[in-house]
Asker: 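Got a structure for you, written out below as structure tokens; questions coming shortly.
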Amino acid sequence: MLPPLESELLRTFLVIAETGNVTRAAEVLGRTQSAISMQVRRLEEAIGEPLFARGPRGVSLSPHGERLVPLAQRIVGLIDETTVAMRSAPLDGPVRVGIPEEYTQNVLPRALAAFAECHPATEVTVLCGHSRQLTDAIDRDELDIAVVFDWRGKQKGEVLCVDPTVWVTSCAHDVHLVRPVPIAVYRNSDWYRDFAVRSLEHHAIAFREAFSCDTCGGLKTAAEAGLAIAPLARTNIPPSCRELTQEDGFPPVDSSRVVLKRNPKRASAAIASMAEVVRNAFQPNTADGRAQPGGRIQAVATTPERVEYG
């Protein structure tokens with residue numbers, strides 16, 4: 001019967017896999033080389049297979065070692081996450097958060113849910129709205145923090161990411177080839193007039209307003225159905241749609257900043273912790289910036305502003 005796996009052995013294995021050298025791993029872990037070698041032998045005995053191939057300049061992963069790396073990372077990561085959650089001091093008091101509609105089906109709700117699970121004593125209230133609503137709510141002391149979009153560079157706050165708005169069309173339709181091209185637009189939107197329409201006019205692209213709505217979801221529906229092309233964030237393009245690029249004859253619309261605004265009248269450990277959760281949610285973790293489904297908090301650089309009424 002094989003002995004059980006130990007998490008410390010997996011930690012040592014991961015360090016060796018990263019450094020490719022037992023001596024270097026011993027330095028990183030603050031242990032002797034013989035102790036590290038002994039741990040490797042114990043782990044290989046528990047696995048029942050060799051994990052490294054020894055060479056004159058160090059070690060390389062065997063096929064079994066390659067298979068073990070992602071599993072060991074998951075195990076060690078879960079242990080570390082559990083340790084932090086159980087040892088963290090409980091946070092209490094209310095936290096009021098504002099988020100745009102673009103994120104109600106994306107990574108940020110999972111981040112907020114994870115925060116609530118780790119800090120059940122904290123009352124979290126979420127307001128979903130467009131940037132002007134959220135900024136006004138901050139000014140009226142109705143929110144503690146808010147994620148807003150800034151395409152003019154005038155919003156004060158911490159810049160979380162920059163993500164371009166692009167014209168989007170259905171993969172199953174060629175509506176972008178029609179002239180005048182039908183477009184989906186926000187009603188009563190300064191941003192639509194100043195950026196979306198202007199990008200078409202500057203490139204002499206004839207257009208007509210074929211679909212209007214007040215929500216990002218409406219624009220996505222119009223694009224998916226092939227009713228019109230729509231201006232959407234690159235990270236918010238539906239799977240059944242694609243970006244219209246310069247090769248298609250369409251320019252980008254804007255490159256808005258995503259900004260985290262704080263209420264200067266409010267400060268607490270709970271608010272600071274929530275701000276950190278939101279900040280982490282916007283860190284890129286994929287090649288194309290898209291959120292990954294399921295699991296724990298996923299990092300993603302997300303959507304710039306689409307709606308600004310006035």
Asker: Please report the closest heavy-atom contact between Gly129 and Gln133, naming both atoms and the distance.
Answerer: CA-OE1, 3.2 Å

Asker: For the residue pair Ser62 and Pro50, what are the closest heavy atoms and their distance?
Answerer: OG-O, 2.6 Å

Asker: With Arg179, which residues qualify under salt bridge (Lys or Arg N to Asp or Glu O under 4.0 Å), at least two apart?
Answerer: none

Asker: Under 4.5 Å between any side-chain heavy atoms of Thr12 and Ile36, yes or no?
Answerer: yes

Asker: So does Glu276 pair up with Arg279, basic N to acidic O under 4.0 Å?
Answerer: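 Yes, this pair counts.
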
Asker: Could you check whether Arg262 pairs with Asp144 (Lys NZ or Arg NE/NH1/NH2 to Asp/Glu carboxylate O, under 4.0 Å)?
Answerer: no

Asker: Looking at OG of Ser131 and CG of Asp150, how far apart are the two atoms once the value is rounded to the nearest 0.5 Å?
Answerer: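 CG of Asp150 is found 8.5 Å from OG of Ser131.
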
Asker: By side chain to side chain contact (heavy atoms under 4.5 Å, CB included), which residues pair with Cys171, not counting sequence neighbours?
Answerer: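 Checked Cys171 against side chain to side chain contact (heavy atoms under 4.5 Å, CB included); matches are Arg242.
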
Asker: Are Val147 and Val259 packed together at the side-chain level, in the sense that at least one heavy-atom pair is separated by less than 4.5 angstrom?
Answerer: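 In short, these two side chains do not touch, never coming nearer than 4.5 Å.
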
Asker: Can you tell if the side chain of Pro238 reaches within under 4.5 Å of the side chain of Leu232, non-hydrogen atoms only?
Answerer: yes

Asker: Surrounding CZ of Arg31 (heavy atoms of other residues, nucleotides or ligands, distance under 6.0 Å), is the total greater than 12?
Answerer: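 For Arg31, atom CZ is crowded (more than 12 foreign heavy atoms under 6.0 Å).
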
Asker: CG of Asp254 to OG1 of Thr165: how many Å apart, nearest 0.5 Å?
Answerer: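 One gets 3.0 Å once the value is rounded to the nearest 0.5 Å.
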
Asker: Is there a side chain to side chain contact (heavy atoms under 4.5 Å, CB included) between Ser268 and Ile271 once you walk through the steps?
Answerer: CA-CA 5 Å; Ser268 70; Ile271 294 172; 3.2 Å; yes

Asker: Just wondering, do Val162 and Val258 contact through their side chains at under 4.5 Å, heavy atoms?
Answerer: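 Heavy-atom side-chain distance check fails, nothing below 4.5 Å.
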
Asker: Please tabulate, for the side chains in residues 203-210, all donor-acceptor contacts under 3.5 angstrom to protein atoms that are two or more places apart in sequence or on a different chain.
Answerer:
| unit_1 | atom_1 | unit_2 | atom_2 | d |
| --- | --- | --- | --- | --- |
| His203 | ND1 | Ser199 | O | 3.3 |
| Glu209 | OE2 | Tyr192 | OH | 2.2 |

Asker: Under a 4.0 Å threshold between the charged nitrogen and the carboxylate oxygen, would Lys265 count as salt-bridged to Glu142?
Answerer: no

Asker: Give the C-alpha distance, both sets of side-chain angles, the deciding distance and a yes or no for side chain to side chain contact (heavy atoms under 4.5 Å, CB included) between Val59 and Ile16.
Answerer: CA-CA 8 Å; Val59 296; Ile16 299 174; 3.7 Å; yes

Asker: Using modelled atom types and a 3.5 Å cut-off, is there a donor and acceptor pairing between side-chain atoms of Ser273 and backbone atoms of Ala269?
Answerer: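 Not confirmed, Ser273 side chain does not pair with Ala269 backbone.
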
Asker: Kindly give the heavy-atom pair with the smallest separation between Cys216 and Asn236, and that separation in Å.
Answerer: SG-ND2, 3.1 Å

Asker: Do Phe211 and Trp167 sit in the same hydrophobic cluster, where Ile, Leu, Val, Met, Phe, Trp and Tyr count as joined when their side-chain heavy atoms come under 4.5 Å apart?
Answerer: no

Asker: What is the distance from atom CD1 of Ile75 to atom CG of Leu14, rounded to the nearest 0.5 Å?
Answerer: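 Answer for the CD1-CG pair, Ile75 versus Leu14, is 9.5 Å.
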
Asker: Taking 4.0 angstrom as the limit, do Arg96 and Asp141 come out as a salt bridge?
Answerer: yes

Asker: Judged by atom type as modelled, is there a donor-acceptor pair below 3.5 Å linking the side chain of Asn280 to the main-chain atoms of Val277?
Answerer: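 No; zero donor-acceptor contacts below 3.5 Å.
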
Asker: So, for Leu43 and Leu5, which heavy atoms are closest and what is the spacing to 0.1 Å?
Answerer: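 So the two residues come closest at CD1-CD2, 3.7 Å.
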
Asker: For Phe250 and Thr169, run side chain to side chain contact (heavy atoms under 4.5 Å, CB included): C-alpha distance rounded to whole Å, both residues' side-chain angles, the deciding distance at 0.1 Å, then the answer.
Answerer: CA-CA 11 Å; Phe250 286 83; Thr169 190; over 6 Å; no

Asker: Ring-plane angle category for Trp191 and Phe195, please: parallel below 30°, perpendicular beyond 60°, tilted otherwise.
Answerer: parallel

Asker: Taking only residues two or more places apart in sequence or in another chain, which ones pass salt bridge (Lys or Arg N to Asp or Glu O under 4.0 Å) with Glu224?
Answerer: none

Asker: Linking I/L/V/M/F/W/Y whenever any side-chain heavy atoms sit under 4.5 Å apart, do Leu227 and Ile183 land together?
Answerer: no

Asker: Which atom names give the shortest non-hydrogen contact between Leu61 and Ala17, and what distance separates them?
Answerer: CD2-CB, 4.0 Å

Asker: Go through it in stages, so that I can follow the logic: the residues are Glu201 and Val197, the test is side chain to side chain contact (heavy atoms under 4.5 Å, CB included), and I'd like the CA-CA distance, side-chain angles, deciding distance and then a yes or no.
Answerer: CA-CA 6 Å; Glu201 291 175 342; Val197 167; 3.3 Å; yes

Asker: For the side chain of Lys261 and the backbone of Ile138, is there at least one donor-acceptor N/O pair under 3.5 Å apart?
Answerer: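 Not a single qualifying donor-acceptor pair exists.
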
Asker: Transitively linked via ILVMFWY side-chain contacts under 4.5 Å: Ile229 with Val178?
Answerer: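 The answer is no; the residues belong to distinct hydrophobic clusters.
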
Asker: Just jot down the side chain to side chain contact (heavy atoms under 4.5 Å, CB included) partners of Glu49, sequence neighbours excluded, or say none.
Answerer: Ile47, His64

Asker: Is there a chain of hydrophobic side chains (I, L, V, M, F, W, Y, each step under 4.5 Å between heavy atoms) that links Leu51 to Met38?
Answerer: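 Different clusters.
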
Asker: Are Leu177 and Asp174 packed together at the side-chain level, in the sense that at least one heavy-atom pair is separated by less than 4.5 angstrom?
Answerer: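 In short, these two side chains touch, coming nearer than 4.5 Å.
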
Asker: Does any non-hydrogen side-chain atom of Asn263 lie less than 4.5 Å from one of Ile145?
Answerer: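 Side-chain contact under 4.5 Å: no.
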
Asker: Give a yes or no on whether a salt bridge exists between Glu45 and Arg42, defined as a side-chain N under 4.0 angstrom from a carboxylate O.
Answerer: no

Asker: State whether the side chain of Arg54 and the backbone N or O of Phe52 hold a donor-acceptor pair below 3.5 Å, judged by distance alone.
Answerer: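 Checked: pair present.
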
Asker: Could you tell me whether a side-chain N or O of Thr122 sits under 3.5 Å from a main-chain N or O of Ala270, the two making a donor and an acceptor?
Answerer: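 Not confirmed, Thr122 side chain does not pair with Ala270 backbone.
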
Asker: Okay, side chain of Ser170, backbone of Gly226: is any donor-acceptor separation there less than 3.5 Å?
Answerer: no

Asker: Which heavy atom of Ala72 sits nearest to which heavy atom of Phe13, and what is that distance?
Answerer: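 The pair with the smallest heavy-atom distance is CB-CD2, 4.2 Å.
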
Asker: Nearest 0.5 Å, please: how far is CZ in Arg266 from CG in Leu143?
Answerer: 11.0 Å

Asker: Do the side chains of Met274 and Val97 get nearer than 4.5 Å, heavy atoms only?
Answerer: yes

Asker: Quick one, Glu243 and Ile237 - any side-chain contact, counting heavy atoms below 4.5 Å?
Answerer: yes

Asker: How long is the gap from NZ on Lys220 to SG on Cys213, to the nearest 0.5 Å?
Answerer: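 Answer for the NZ-SG pair, Lys220 versus Cys213, is 12.0 Å.
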
Asker: Once side-chain hydrogen bond (donor to acceptor under 3.5 Å, both in side chains) is applied, what residue pairs with a partner in residues 18-29 remain, sequence neighbours excluded?
Answerer: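 Matches after skipping sequence neighbours: Thr23-Gln33, Arg24-Glu27.
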
